[in-house]
Amino acid sequence: MAKISEFPDDLLIKILSFLPTKVAVSTSVLSKQWQFIWMWLPKLKFTNDYSNPIMLRDFISKYLPLHRAPVIESLHLKCNCESTEPEDIKQWVGIAVSRCVRELSIYRSVFYNAVFLPSSLYTCKSLVTLELDGNILVNVPQMVLLPCLKTCKLQRVIYSNEDSLRMLLSHCPALEDLTISGIAGDNMGALVVNVPSLKRSSLYKGKTCSSSDRNVIVTPSLKYFQVEDYRENVSYLIEHMPNREEADICVWQDIDKFLESMTSVKSLTLRVLRPVYLPVVVFNQLEHLTLHISNNYWSKLLVRLLKVSPELRVLNLDVDKYGRYDEYQTVIWNNEQSSVPECLLKSLETFRFSGYERREEERDFFSFFFQYACCLKYSSIFR
Amino acid sequence: MSEKKIVLKSSDGKTIDVAKAVALQSQTITHMVEDSCVGNEIPFENVTGQVLAKVIEYCKKHVVVDGETLTCKTVAHVIHTRTIDEIRTFFNVENDYTPRKKQ
C-alpha cells in the first residue's frame, strides 16, 4: 500500500466518509495534510456530546459557514441541550439550504426552547427528505414550494397556525412518503392530507390531541396506509383509494369510513378499540387479515369480516388479555352452507391465534371455525 | 465501467440475465465465457434453471468490492479504533504542526 501521505485529497475524503462525523473531524489534528479534509465531507451528522455541549455548538457555529463541500448532501442535528440556541440551529439549517441540501433531519427535545426554521427551507429546490422531531415550530411562509421532496416526517412538532400543515403538503408535488405524529397543544388543526403523489402514509394522534373539524384524506395513489387515532370526537372524510395494498387501522371513530375507502386492499390490520358495525363492503382482494381485539362479541365481527373476504389466505387473531369479555352470551352460528364464509371453504390456509384463555367465546368460535376451515395448512394457538 | 450483461441458458431452456462482473465470480462460468462465447449466450447443458438460479444468487452475494473502496474502508477502520498518536504511528504520518497550533 502506498504511503498514506501520498494519497490524493479525494481519497482521504472518501476514507473519512466511512466514519462518524465526530471521528472525521478529529483527524484534523493528525497533520497539516489532514487539517481541512473533513470540511469536504458532504454528509454531516452532529449529535450532542454530553460531555461538551458548548464546545460542540461553538465548533459548528465557527466551521459550518466555512465548510468546503460545494454541496451538503445531508445534515443531521440532534441538539437536545440548552446551549444550542434556536438561532444557532436556524443559521445552520440556512447554510445547509444554501448548499443544496438533500436530506435534513432535526431533533429537538421538548425540554428546551422551540427551534424555528429559516423561510429559505420552505423553498429549497434540492430537498428530498425532511425529518423534524420534537420542539420545532413549523412556520410555513406564504411562498412555499418543495419540488423534490419525497419523504416528510413531522413528529410532535408545533404549527404556527392551523393551516400550516395543509399549506405545506399541498406544495410538495413529488411527495411519496408521509409520517405525521400529533401531540397535545400542537396547533395542527384539522388533518388535511390532499396529496395526489403520496404512496405511503402514517398518521398518529394521541387521545390528548385536540379534536378538530373534518379531517380530510385525499390520496388516490396511496399503497400503504397506517392510522392510529385515539381521539373520541373526530370525524374523517376519506376518498376511495383504489391502489391501496396494505392498511393498518386503529381508530376510535369513523372506522366504517376507513373500511369503505379501502375495499381493494390486500393486507389489512385492524385494531378494534370498541364494538363496531361493519359497513356494507366486500374486500375482494384481501389475502391477509390481522385483527387485534379487546371486547365482547369479537367473534361476530370476525365472522362478518370473513364473509366479505372471499380470497382470504392468512388470518391472524390477537385477543387482548386485559380486555373485557364478561358480557358474552353464547352465539349460535348458522350452519347453513350459504352462511359459512367462502374463504373458510376455499382459500384460508394459515391461522394464528394469540391470547387464548379458554374463554367461552373462544371455544364457540373454534368449534365453528375448525368445522369449516377445510383448506388449512398451518394453524397455531398461543396463550 | 461498462454494464455488460451475459445470458446464461439452462438445460431446461430457462435464461438468466446477469451482469458480467457477477457471473465471473464463478470459475466455471469464466472458463466457459473464455472458451465458447456464442454472442453473449452461455449454454449449460447439464444444469437446470433452478440450480443455475441458486448459483447466480451465491455469486451476487460474493461480488468483491472494488480495491479502492476496500482500502478506504480499512483505513477508516484503523482511524476509528485508534487514538491520534496510534494513527500517526500506524500510517507513518508526521505531525507537521508547529507546537503552537496543536490543540
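Order of the sequence lines sets the chain letters (A, B, ...), proteins ahead of strands, with each chain counted from 1. Keep in mind that this is a model prediction, so the values were computed, not measured.
- Within the model, atoms CD1 of I87(B) and OG of S31(A) stand 11.0 Å from one another, a figure rounded to the nearest 0.5 Å.
- The two residues Y97(B) and S28(A) have their closest heavy-atom pair at OH-O, 2.5 Å.
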Can you give the donor-acceptor pairs under 3.5 Å from side chains of residues 74-82 of chain B to other protein atoms, not counting sequence neighbours?
from   : atom 1 : to     : atom 2 : distance (Å)
T74(B) : OG1    : L70(B) : O      : 2.6
T81(B) : OG1    : H77(B) : O      : 2.8
T81(B) : OG1    : V78(B) : O      : 3.3

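- When the shell of 6.0 Å around OH of Y63(A) is examined, it contains 12 or fewer heavy atoms from other residues, nucleotides or ligands.
- With rounding to the nearest 0.5 angstrom, the NZ atom of K32(A) is 10.0 Å from the CD atom of E94(B).
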Checklist entry - For S5(A) and V93(B), what are the C-alpha separation, side-chain angles and deciding distance, and is it a side chain to side chain contact (heavy atoms under 4.5 Å, CB included)? => result CA-CA 7 Å; S5(A) 51; V93(B) 170; 5.7 Å; no

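- Nearest heavy-atom pair across S26(A) and I84(B) is O-CD1, 3.5 Å.
- Residue T71(B) holds its OG1 atom at 9.0 Å from NZ of K14(A), rounded to the nearest 0.5 Å.
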